[in-house]
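Here the structure is laid out as structure tokens; the discussion comes afterwards.
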Amino acid sequence: MKKKLTNLPPTYNAQKVEQDIYAQWEKGGYFLPKRRPNTKTKKPFIISLPPPNATGTLHLGHAMMLAIEDLMIRYHRLKGEEVLWVPGTDHAAIATQNVVEKKIWQEEKKTRHDLGRETLLRRIEEFVEQSRGTIRSQFRRMGASLDWSHERYTLDEGLSRCVRMIFKMMYDDGLIYRGNRVVNWCTRCQTTLADDEVEHRETTATLYTFRYSKDFPILIASTRPETKLGDTAVAVHPDDERYRQFVGQTLTVSFAGKELTIRIVADPVVDREFGTGAVGVTPAHSQADAEIAERHKLPAVKVVDEAGAMTDEAGPDFAELPVSDVRTKVVAWLRKHKLIEKEETVPQNLTVCYRCETPVEPLVSKQWFVAVNKLFELRQDTLGNVRTEKGAIATLKVLMQNAVESGQITIIPDRFQKTYLQWIYNLRDWCISRQIWFGHRIPVWYRPKADQPGAGLEIYVGIEPPKVDGWEQDPDTLDTWFSSGLWTFSTLLKQDGTAATLENWQAESPDLKRYHPTSVLETGYDILFFWVARMVLMTTYALGEVPFRTVYLHGLVRDKDGRKMSKSLGNVIDPVDMIDKYGADAVRLSLIIGTTPGNDVRLYEEKIAGYRNFVNKLWNISRYILTTTTATDAPPKAKTLADRWILAEFEQLKHVVAKHIDAYRFSPAGEALYEFTWSKLADWYVETTKVEGGKDAILRHILRELLVLWHPFTPFVTEHIWQLLGESKPLISTNWPKIREVESVYEFSRIQETASAMRNLKQKHGNNLEMLYIVPGSWHETLATQRTLIETLGRSKINFAEQVPADVPKRVLDGATVFAMAATVDKKKLQTERDELERYITTLHQRIQSDNFSSRAPAAVIAKEKERLQQAKKKLKHL
RNA sequence: GGGCAAUUAGCUCAGAUGGUUAGAGCGCUUCGUUUACACCGAAGAGGUCGGGGGUUCAAAUCCCUCAUUGCCCACCA
């Protein structure tokens with residue numbers, strides 16, 4: 001085992017080793033949560049993998065997510081902590097149903113109605129099963145050390161039961177209600193959409209300023225004249241003198257063949273400056289108008305239906321015609337009767353479906369909602385230090401706010417904290433019912449009231465269907481984010497716990513106790529609202545604790561020109577192609593180094609190729625060490641200055657890398673490793689070993705520990721080399737290296753100068769200057785000459801320049817780069833440093849002491865500043 | 001309308017609490033195939049840190065202002 005290796009290929013072949021290594025890890029059970037004895041940290045480290053959509057294939061967003069999460073997971077695992085990384089998939093209701101329906105249409109020209117509910121669901125499940133297999137194998141290709149035994153799917157029975165349980169809980173608490181409200185309706189998807197499932201597109205529209213009829217006293221403006229058939233009022237500002245005389249009147253007009261009853265109401269939301277200062281109120285087709293209508297008790301007339309056609313209410317001329325046709329007809333009617341005062345083209349934010357970009361039709365509809373502003377009684381102590389306890393009164397909004405404001409959840413980067421709070425501030429009741437078939441059926445059953453026929457419906461809400469006949473289940477399904485909002489804890493419930501009840505489900509789930517709250521939630525900032533906020537809402541409500549401690553938001557992966565990657569643009573980079581070509585390690589590095597949380601990254605093939613080159617460099621450093629040194633148990637002992645330098649640098653590196661990773665600064669951690677490995681170890685130290693023999697112990701030692709440091713970034717190549725080193729246990733399960741005591745790095749500085757500048761150097765550092773000559777590269781002379789130089793001058797403590805042997809040509813010396821290390825402490829520099837530090841400590845101290853700071857700054861900030869003060873004091877002592 | 005971010009080398013980007021001469025990768029120029037590596041090595045060019053003002057012993061970093069770009073939120077009919 002302990003012998004030199006020969007015949008290692010000069011080029012690292014990732015394709016050849018990666019899949020075997022992954023299989024070996026998985027087979028060895030290294031992904032299962034396990035705490036190593038003697039580990040100080042008792043708390044487990046948990047990440048719930050943001051579940052990819054069941055129809056998806058691996059894209060760069062996933063790749064980035066996996067690279068970052070696997071980095072954290074492996075780091076904590078190496079530190080001996082018990083780590084759990086829960087994988088899974090999301091059924092992604094609308095998205096998935098759309099995909100499958102489209103596919104079926106293309107292949108068989110059948111719609112979902114041709115197939116029927118049962119058949120469509122079966123077809124979707126078949127499709128999903130296949131997709132999940134693809135995703136699983138692709139996630140493995142990335143090297144993700146997921147605990148596959150914990151894999152979950154949002155439609156698993158355990159998770160579905162959890163959905164029904166939470167639904168019932170919220171219903172019982174009065175937080176879920178059914179109501180007639182204006183919702184966003186997608187006429188193509190044939191379903192409601194939540195407020196954040198709609199997007200806005202900048203377009204232009206024609207704004208018509210007109211009267212309903214000749215005798216109507218007020219001009220109104222609209223870009224959608226056809227909806228005016230549903231108007232029941234005109235709203236004006238209460239202080240608007242122009243219209244004051246009309247307020248309170250009810251007028252009847254004949255508009256485009258339909259008789260309208262219009263009340264004139266005064267409402268402060270109306271902007272006097274905009275348009276005519278009067279708004280035609282359409283309560284059934286505008287959320288804003290619905291709110292006005294509610295205040296003034298106005299009726300709502302629904303003139304557009306779910307298919308995007310006019311209803312009977314729109315009058316016989318228009319009923320059942322598509323909205324766009326009716327607009328043309330209404331405008332024509334207005335023109336004919338000379339009612340249009342003005343037509344202008346205005347910029348408009350068109351609201352469209354985020355899935356299919358179809359313009360959204362706001363319409364009034366009977367749906368299920370989650371009430372975010374309703375007061376309810378907490379079921380349990382909630383959120384630790386926040387002023388809440390069992391029985392206290394709160395709203396869901398307050399829970400969401402508290403979780404972040406109290407510092408129980410930290411968002412990285414912190415600017416998103418503001419975004420999050422702002423979003424909650426504007427949040428309205430969440431429409432959770434969807435008119436699609438794929439998903440969690442709403443656990444509500446109806447039956448006609450038995451005693452008085454025709455008197456309406458009786459409602460049953462339950463985890464199980466009603467035991468007696470005669471009940472019919474609500475046909476709708478739940479918004480997919482309802483179930484993914486439960487993800488951090490629904491995945492930890494006992495999967496066979498079918499008997500779980502509202503009373504005992506928490507106690508019955510040991511995993512929930514042990515692994516919740518999770519440590520970090522890592523995801524793209526684009527789903528901060530969709531998902532992250534929903535998880536906070538659901539979890540603080542259901543469990544009385546936060547779902548995670550830290551939210552790490554990564555940016556979006558874009559192409560070289562900063563454009564979004566999309567199939568239509570043809571600029572999509574497939575991560576699997578890149579893995580095939582450059583290896584998973586290179587792909588991972590390209591997504592971690594040079595990226596910062598919350599900021600988009602541009603990725604292109606050259607970048608990945610660059611990191612492939614680095615992986616090969618690491619391979620060749622290892623190859624050199626493996627083939628030229630023998631394994632030894634001797635501890636690494638510094639003999640020459642170069643040894644002392646590299647060992648000190650290495651200890652410094654360990655410190656820096658851990659510090660960065662602990663602070664979620666993955667890119668600087670990777671950069672530090674990269675710099676050490678290539679510029680210090682390979683370019684300088686390894687070169688010295690060629691002329692200064694006897695470095696086996698140091699080289700082997702550094703390589704061994706360096707592989708551990710690199711492992712969270714590049715798991716495959718490090719594991720491969722590790723095993724070539726003859727280690728008995730796989731790298732994945734080894735220990736993170738301890739930091740050893742070394743001479744302070746302040747004692748060394750590396751100086752790179754030309755030989756002719758060396759005299760100045762000597763003057764600067766005095767007689768204590770220790771020099772080491774090495775020849776990094778392009779000398780024209782032979783290795784033997786280099787060796788002579790080093791032997792005669794190398795470790796000289798005196799003025800070497802006068803000792804250059806006569807047979808060394810002057811041009812060699814002048815043209816060469818000299819590697820010199822000053823072992824002296826630069827007293828002046830040290831003093832400056834001390835002064836700065838002292839000043840810094842004074843400043844910090846003053847800041848902390850000041851009333852303004854101590855009374856106003858958040859607790860977390862004060863703690864941080866205090867910690868800084870401690871650190872600075874410690875550092876000063878060290879100097 | 002409100003908010004957030006970005007603007008640093010030809011390109012893509014780092015620069016934590018202000019602190020030596022502003023960094024990296026790619027690209028470019030010159031040189032070099034010496035037994036870890038040409039997916040390499042050596043040397044080098046290239047920056048008024050978007051403009052202007054201010055605070056400070058010290059500003060890419062903090063403040064004000066302007067410009068450009070991008071994103072998010074919002075019921076302006």
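Chain identifiers are assigned alphabetically (A, B, ...) following the order of the sequence lines, protein sequences preceding nucleic acid strands; residue numbering begins at 1 within each chain.
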Base B:rC4 paired with A:R415 side chain (donor-acceptor, <3.5 Å): no
Criterion side-chain contact (heavy atoms from CB on, under 4.5 Å) against A:F614, the qualifying member of A:T714, A:L589, A:I593, A:V717: A:L589
Under-4.0 Å side-chain N/O to phosphate OP1/OP2 contact, A:K607 with B:rU12: no
Of A:L703, A:L8, A:V686, the residue whose pairing with A:Y624 passes side-chain contact (heavy atoms from CB on, under 4.5 Å): A:V686
Whole-Å distance separating the NZ atom of A:K560 from the C1' atom of B:rC13: 12 Å
Separation between the P atoms of B:rU20 and B:rG53, rounded to whole Å: 24 Å
Distance-only donor-acceptor test, A:K617 side-chain atoms vs B:rC37 base atoms, 3.5 Å: yes
Aromatic centroids of A:Y552 and A:F666 separated by under 6.0 Å: yes
Polar-atom pairs under 3.5 Å, protein N or O versus N or O of nucleotides 74-77 of chain B: list them with distances, or write none.
residue: B:rA74; atom: N6; partner: A:N349; partner atom: ND2; Å: 2.6
residue: B:rC75; atom: OP1; partner: A:R428; partner atom: NH2; Å: 3.0
residue: B:rC76; atom: O2; partner: A:D271; partner atom: OD2; Å: 3.1
residue: B:rA77; atom: O2'; partner: A:A221; partner atom: O; Å: 2.6
residue: B:rA77; atom: N6; partner: A:D271; partner atom: O; Å: 2.6
residue: B:rA77; atom: N6; partner: A:F274; partner atom: O; Å: 3.1
residue: B:rA77; atom: N1; partner: A:D271; partner atom: N; Å: 3.4

Sugar-phosphate only, base, or nothing, as touched by A:G594 at under 4.0 Å among non-hydrogen atoms: sugar-phosphate
Which nucleotide in B:rU12, B:rA5, B:rG41 has an atom nearest any side-chain atom of A:N599: B:rA5
Closest nucleotide among B:rC39, B:rA14, B:rC72 to the A:F529 side chain: B:rC72
Gap in Å between the two P atoms, one belonging to B:rG10 and one to B:rG50, rounded: 13 Å
B:rA58 to B:rC40 separation - P atoms, rounded to the nearest Å: 45 Å
Integer angstrom distance from the C1' of B:rA36 to that of B:rG46: 32 Å
Reported OG1-to-CD1 distance for the pair A:T550 and A:I412, which is rounded to 0.5 angstrom: 5.5 Å
Residues from residues 581-592 of chain A lying under 4.0 Å of RNA chain B - heavy atoms: none
Integer angstrom distance from the C1' of B:rC49 to that of B:rC39: 33 Å
B:rA9 and B:rG47, which share atom name C1', separated by this distance in whole Å: 5 Å
Candidates B:rC11, B:rG41, B:rA36 - which lies nearest the side chain of A:W678: B:rG41
All side chain to side chain donor-acceptor pair (under 3.5 Å) counterparts of A:E197, not counting sequence neighbours: A:Y354, A:R434
Lys/Arg N to Asp/Glu carboxylate O, A:E361 vs A:R224, below 4.0 Å: yes
Residues which pass side chain to side chain donor-acceptor pair (under 3.5 Å) with A:Y212, listed by chain and number, not counting sequence neighbours: A:D231
Distance (rounded to the nearest 0.5 Å) between A:H554 NE2 and A:M64 CE: 5.5 Å
Watson-Crick and G-U pairing of RNA chain B written in dot-bracket, each distance under 3.5 angstrom, with | for inter-strand partners: (((((((..((((.....[...)))).(((((.......))))).....(((((..]....))))))))))))....
Touch class at under 4.0 angstrom, heavy-atom based, for A:E606 against every strand present: nothing
Distance in angstrom units between A:I527 CD1 and B:rC73 C1', rounded: 18 Å
Ion pair check, A:R700 and A:D696, cut-off under 4.0 Å: no
Touch class at under 4.0 angstrom, heavy-atom based, for A:F416 against every strand present: nothing
Minimum-distance nucleotide (side-chain atoms of A:N613 versus B:rC39, B:rC11, B:rG41): B:rC39
Rounded distance in Å between the P positions of B:rU48 and B:rG23: 15 Å
Integer-rounded Å distance: B:rC73 P and A:Q422 CD: 11 Å
Nearest-Å distance for atom pair OH/P, residues A:Y604 and B:rC13: 7 Å
A:F713 ring center within less than 6.0 Å of A:W710 ring center: yes
Between P of B:rC71 and CD of A:E199, the distance in whole Å: 11 Å
For A:N616, side chain to side chain contact (heavy atoms under 4.5 Å, CB included) partners two or more places apart: A:T11, A:Y12, A:W619, A:N620
Gap separating the NZ atom of A:K564 from the CG atom of A:D559, nearest 0.5 angstrom: 12.5 Å
Separation between the C1' atoms of B:rC26 and B:rC72, rounded to whole Å: 32 Å
Sugar-phosphate only, base, or nothing, as touched by A:A682 at under 4.0 Å among non-hydrogen atoms: base
Euclidean distance, atom CZ of residue A:R602 to atom P of B:rU7 [Å, nearest integer]: 12 Å
Minimum-distance nucleotide to A:N616 side chain [options: B:rG25, B:rC39, B:rG41]: B:rC39
Touch class at under 4.0 angstrom, heavy-atom based, for A:T11 against every strand present: base
Within 6.0 Å of CD in A:E344, more than 12 heavy atoms from elsewhere: yes
Pair A:Y604-A:D561, side-chain donor/acceptor within less than 3.5 Å: no
Nearest-Å distance for atom pair NE2/P, residues A:H660 and B:rG15: 10 Å
Atom-to-atom span, NZ of A:K418 to C1' of B:rC73 - whole angstrom: 14 Å
Touch class at under 4.0 angstrom, heavy-atom based, for A:R612 against every strand present: base
